[in-house]
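Step one of this worksheet: look at the structure below.
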Amino acid sequence: MSTESNESSNKLGLIFASVLLRLWLGVRALQTGIEKFAGIKMSEEGAKIDGQVYDPDLTVEASSKAYSMANYHGVPEALKGKFEAEPLMMGWALNIYDKVLGPALILLGLTILLGIASRVSLLILGLVYISLTWGLILINQDGGIAWLGVHMALIAMALNWANYNPLRILKKW
Amino acid sequence: MNRREFLSKSSTIAGAGLVLGAPSVLGAAGSANDKINVALIGMGKQGRVLFEAMSNIPGIHFQAVCDIWDYNLNSGAGKVRALQKHMPNRYTDIDELLEKEKGLDVAIVATPDFWHSPHTVKCLDAGLHVYCEKMMSNTIDGARAMVHAMERNKKLCQIGHQRRSNPRYRYTLDHLINNNKICGTIVNINGQWNRAVSSSQDIQYKKSLAIDPARLKQYGFKDMHQFMNWRFYRDLSGGPISDLGAHQIDVFNWFLGCQPKSVFASGGNDFFKTREHFDNVMAIFEYDSAQGPVRAFYQVLTTTSSGGGFYESFMGTEGTIKTSEMASGSAIYRESSAPLWDDLVKRGYLRKKAAPAPAKKSDGIASYASAAPEEFAIPGVLNKQPHQNHLENFFAAVRGEAKLNCDARHAFESEAPIFWVNPSALQKEPIIFTPEQLQV
C-alpha cells in the first residue's frame, strides 16, 4: 500500500473520529440542557374504593416523565442549598447561573451538533464545564470533578481534530 | 363510601373515647370569595416550605412578611413578589407588624420553637387566626398559653402536624384501622426517624450576612451560630425528640385516640458531644387504649439513617400497617393466620403486592419462624406537597367551610407526653403521668 493511500485512510479515520466526537459532545450538552426542564407528572386519577373516588388528593400510584418550563431547575435543588452556604459563592451569581445553565447547554449542544462556529462553541462548553468543576470543588464532590475532567479531555480532542470535520454549517471560528 | 360520608356516619364512633381525633373548635365565618390577608412570621427554611405549599392554594394574599434576618426577609419577600407580582410589606419585628398592618386575617408562624408561643399568643390576641408550626412550644406552659389564647380570643389556631390532614393517613385510620379493623387488636407500635450524621451537621452561614449582635440578643440568641442551630439548645427547642419525633408520636396518640399513661426514655450525646440535646433518644410509651394495652417504642437517631428512615408501624394480631409520609416507606402486612383480605383487594381498599419469597429449607432457623406475611399497600398516593392539605384545611376553616384537623387543644393533648421524654431520659427513670402533667 502506498504512502498516499495510507495518509488518505488515516485522514478518513480522523474525519470519522472528529464527527463522532462532535456528535457525542453535542448530544451530551443538548440533552443535559433539555433534562433540566424534566419533571415527574403524577396521575390525577383518584383512587377508587367501592367504585367511588375516596379523596381527589389520593390518586392512583402512577407517574410519567414530562417536560415543561415550570419544571426548570438549572442547579439541582439538593446542591443549591450547599452552594448558598459557601462563603466564596455569591448569591446573585448563583441565581444568574441557575437561570442560564439549561438554555446555555441547549444552545451549545445545537451549535456543536450543527457545526456552527464549532471551535468557539467547544471553547464555551469547556468554560461551562470548568465553572461546574469549580462549584463541585467547593462542595467536595470528587466523583463529579473526575467526570467533568473526562469531558474536558474530550473537548480538547475535539478542538484538536476540528480541521478534520467537513460536516459543518459555519466552518469559520 | 367516600371520606366525607364516612366522617358524617362515624361521628358517634369518634365521640366514643377518641378525644384526640375530633377537634372541638368550629370554623370561623367567612366567604369563599374573600381574599384572606396573610402575614408570614418567620421566613426561614420551614417558612419557605409552608409558603411553597400555600402558593398552590387560591384566594390568599400575602400582605406582610416578618423575619429578624434580612437575608430571609428579602429572599422570602422576593418569592412572594414573584408569586403575586407585588412586594409584601417587610418587618423585622412582629410587634411593629401587628401595630401597623390593617386588615390582616391570618398569621403563619414558622419561627424557632421558643418563639412559637409568644408569637402565636400575640397574633391571636391581635384578632388573627394562626397556623403555627409544631412543636407548639419548647415548654409545656408555653403550649398551654397557646390553647388559652385560642379559646380566650375564639380564633382558630391550627398546629402543623400535617399528617392529620394527609388523605393517606386519614384513609388508613378511618377505613383500615377503625372500619375494617385489618390490624385486629393493635398490641404494639414501633416508630422511628433515623437521620444520617451527614444530614445532622451544624448549619453554616456566610459571615457577611450575619445579623447584628444587638438584634440577635434582642430576640434571644447569643450568637449567629445559635440563631442558625437553635434546635441544639435546651432553652430554645426540645431537640430531636421534639423536632422529628413529635410528628410521629402525634400519630401514635391520634390513631389510638388516647394519651399514654407513662414514658420511659433513654438518650445520650453519642456522637455530637457538645450539643445540649441528646443526639439519640429512645422512648417507650404505655397506653391503656379502648381496645386494650399497647406499648409503643419510638427512636430518633441523628447518627445513622439505617433501618429505613422514618415511619410509624401499628402492629396487630392480624396485620401491621406501616405508615410514612413517603409512600415508598409505607406497607401493610397480613399475618398468615388472619382472615383473607381478598374481598378488600377486590373492592379497592388494599392493593396486593408481590408474594413474599418462601423461606429456604436449608435455613435451619426457618422452622422456628412465623410464615412470611403477605404485603399490601393502600390504593393511592398523595398528589400534593405534604403540608398543602393541612394548610387547605386551615384556610377552609377560616372561611367557615371546615373544622380544623389539629387545633391547639387537640395538638396539646397529643404533644403533652412528648415534653416528658427528655426529663425521663435525663433522670433515667420512668414517668407515670398524672393528669396535671398532660392536661391544659
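First the proteins, then the strands, lettered A, B, ... as listed; each starts at 1.
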Might you confirm whether atom [atom1] of [X] has over 12 heavy atoms from other residues, nucleotides or ligands at distances under 6.0 Å?
{"X": "B:Lys79", "atom1": "NZ", "answer": "no"}
{"X": "B:Arg347", "atom1": "CZ", "answer": "yes"}
{"X": "A:Glu86", "atom1": "CD", "answer": "yes"}
{"X": "A:Trp134", "atom1": "CH2", "answer": "yes"}
{"X": "B:Lys384", "atom1": "NZ", "answer": "yes"}
{"X": "B:Met87", "atom1": "CE", "answer": "yes"}
{"X": "A:Tyr67", "atom1": "OH", "answer": "yes"}

- Any chance you could measure A:Asp55, atom CG, to B:Asn389, atom CG, to the nearest 0.5 Å? 7.0 Å
- Query: Taking all atoms of both residues into account, what is the closest heavy-atom pair of A:Met90 and B:Lys206, and its distance?
  - Reply: CA-NZ, 4.0 Å
- If you look at every heavy atom in A:Ala47 and B:Gly380, which pair is closest and at what distance? CB-CA, 4.1 Å
- Got a donor-acceptor contact below 3.5 angstrom from the B:Asn383 side chain to the A:Leu58 backbone? no
- Task: Under the side chain to side chain contact (heavy atoms under 4.5 Å, CB included) rule, what do B:Glu392 and A:Asp57 come out as? Steps first, then yes or no, please.
- Result: CA-CA 12 Å; B:Glu392 284 175 346; A:Asp57 294 336; 4.0 Å; yes
- Task: Counting only heavy atoms closer than 4.5 Å, note whether A:Glu44 contacts chain B via side chain, backbone, both or neither.
- Result: both
- May I ask you to name which of B:Lys45, B:Arg351, B:Lys207, B:Gln204 has the most heavy-atom pairs under 4.5 Å with chain A? B:Arg351
- Quick one: does B:Pro379's side chain get under 4.5 Å of A:Ile49's, heavy atoms only? yes
- Query: Quick one: does A:Tyr54's side chain get under 4.5 Å of B:Asp174's, heavy atoms only?
  - Reply: yes
- Message: Would B:Tyr205 and A:Glu84 count as a side chain to side chain contact (heavy atoms under 4.5 Å, CB included) here? Give the steps.
- Response: CA-CA 8 Å; B:Tyr205 64 97; A:Glu84 283 171 348; over 6 Å; no
